[in-house]
Amino acid sequence: MNDKKRVLILCTGNSARSQMAEGLLRHDAGEYFEVQSAGTKPSSVRPEAIAVMNELRIDISGHRSKPVEEFDGQRFDYVITVCDGARESCPIFCGAANRLHHNFEDPAAFNGPTQERLALFRRIRDELRAYLAEFTQKAVGQQVRFG
């Protein structure tokens, strides 16, 4: 019997923030959570997100950008929105006991030089990891080591 809590992480494009969050939470707390991500306007997984996650030895290269509608009718214990756009346009999931929100800067919106883009993706990745560590501690009621 699977007693893991189900978590859906939502963003607009499901290309960077929600993809990194899915990879981080699955890697760092997968024993507690079944994790999915989706977007309100899905596009494709950003190569910068794949690259900065690989730096942590977390492989998200097999992830795909999914529409939120793919999860219609499914029950989640937690729905986490990681951008204001997703929070405003996200559907209400039946049975979602907890809806959480934190607006993270969109690294995919930055069009600077490669090294600056990667630096921004790293910063957002690290912010997501800290947020998810705090979320996990509260959700499972114990300290969980991330990283």
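Side-chain atoms are counted along with the backbone in the values below, which use heavy atoms only and exclude waters and symmetry mates. Quantities reported herein were computed from a predicted structural model and do not represent experimental measurements. Counting from 1, the numbers follow the sequence of the chain as shown.
- Remark: Arg57 pairs with no residue by the salt bridge (charged side-chain N to carboxylate O under 4.0 Å, His left out) rule, at least two apart or across chains.
- Aromatic pair Phe33/Phe135: ring centres closer than 6.0 Å.
- For Lys41, there are no salt bridge (charged side-chain N to carboxylate O under 4.0 Å, His left out) partners at least two apart in sequence or on another chain.
- Within the 4.5 Å cutoff, the side chain of Val82 has no heavy atoms near those of the His102 side chain.
- A salt bridge is absent between Glu34 and Arg26: the closest approach of a Lys/Arg side-chain nitrogen to an acidic carboxylate oxygen does not fall below 4.0 angstrom.
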- request: Would you sort out whether Asn98 and Val79 count as a side chain to side chain contact (heavy atoms under 4.5 Å, CB included), showing the intermediate values?
  value: CA-CA 6 Å; Asn98 296 284; Val79 175; over 6 Å; no
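- Judged purely by atom type and a 3.5 angstrom limit, Arg6 uses its side chain to pair as donor or acceptor with the backbone of Arg75.
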Verdict with reasoning, Arg64 to Glu70, per salt bridge (charged side-chain N to carboxylate O under 4.0 Å, His left out): CA-CA 12 Å; Arg64 65 181 178 86; Glu70 190 170 308; 2.6 Å; yes
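- Atom CD1 of Ile9 is separated from atom OG of Ser18 by 7.5 Å, given to the nearest 0.5 angstrom.
- Ion pair Lys66/Glu22 flagged as a salt bridge, since at least one NZ, NE, NH1 or NH2 atom sits closer than 4.0 Å to an Asp/Glu carboxylate oxygen.
- Between Val52 and Glu48 there is no side-chain heavy-atom pair separated by less than 4.5 Å.
- Proximity of Met53 to Asp59: side-chain heavy atoms (C-beta onward) are nowhere separated by under 4.5 Å.
- Taking the side chain as every heavy atom from C-beta outward, Arg117 and Pro107 never approach each other to under 4.5 Å.
- Residues Leu56 and Arg125 come closest through the heavy atom pair CD1-CD, 3.4 Å.
- Residue Asn54 holds its CG atom at 8.0 Å from CD1 of Ile60, rounded to the nearest 0.5 Å.
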- prompt: side chain to side chain contact (heavy atoms under 4.5 Å, CB included) between Leu25 and Val7: does it pass, once the steps are laid out?
  reply: CA-CA 9 Å; Leu25 192 57; Val7 177; 4.0 Å; yes
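- When every heavy atom of Ala139 is checked against every heavy atom of Tyr78, the shortest pair comes out as CB-OH, 3.5 Å.
- Glu105 pairs by the salt bridge (charged side-chain N to carboxylate O under 4.0 Å, His left out) definition with Arg123, not counting sequence neighbours.
- Rounding to the nearest 0.5 angstrom, the gap separating the CD atom in Gln19 from the SG atom in Cys11 is 9.5 Å.
- The CG atom of Leu100 lies 10.0 Å from the CG atom of Leu132; values are rounded to the nearest 0.5 Å.
- The backbone N or O of Gly13 lies less than 3.5 Å from a partner atom in the side chain of Ser65, making a donor-acceptor pair.
- No donor-acceptor pair closer than 3.5 Å links the side chain of Arg46 to the backbone N or O of Ala16.
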- prompt: How far apart are the C-alpha atoms of Ile80 and Leu8, what are their side-chain angles, what is the distance that settles it, and do they pass the side chain to side chain contact (heavy atoms under 4.5 Å, CB included) test?
  reply: CA-CA 6 Å; Ile80 302 172; Leu8 179 62; over 6 Å; no
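- Residue Met20 holds its CE atom at 9.0 Å from OG of Ser15, rounded to the nearest 0.5 Å.
- Of all heavy-atom pairs spanning Asn14 and Gly39, the tightest one is CB-N, 3.4 Å.
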- prompt: What do the steps show when you test Gln36 against Phe71 for side chain to side chain contact (heavy atoms under 4.5 Å, CB included), and what is the final call?
  reply: CA-CA 9 Å; Gln36 301 289 335; Phe71 299 98; 3.8 Å; yes
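- Heavy-atom minimum distance, His101 versus Thr81: ND1-OG1, 2.7 Å.
- You'll find the ring centres of Phe104 and Tyr131 inside the 6.0 Å limit.
- Rounding to the nearest 0.5 Å places NZ of Lys5 at 13.0 Å from OG1 of Thr136.
- Between the Arg129 side chain and the Leu24 main chain, no donor and acceptor come within less than 3.5 Å of each other.
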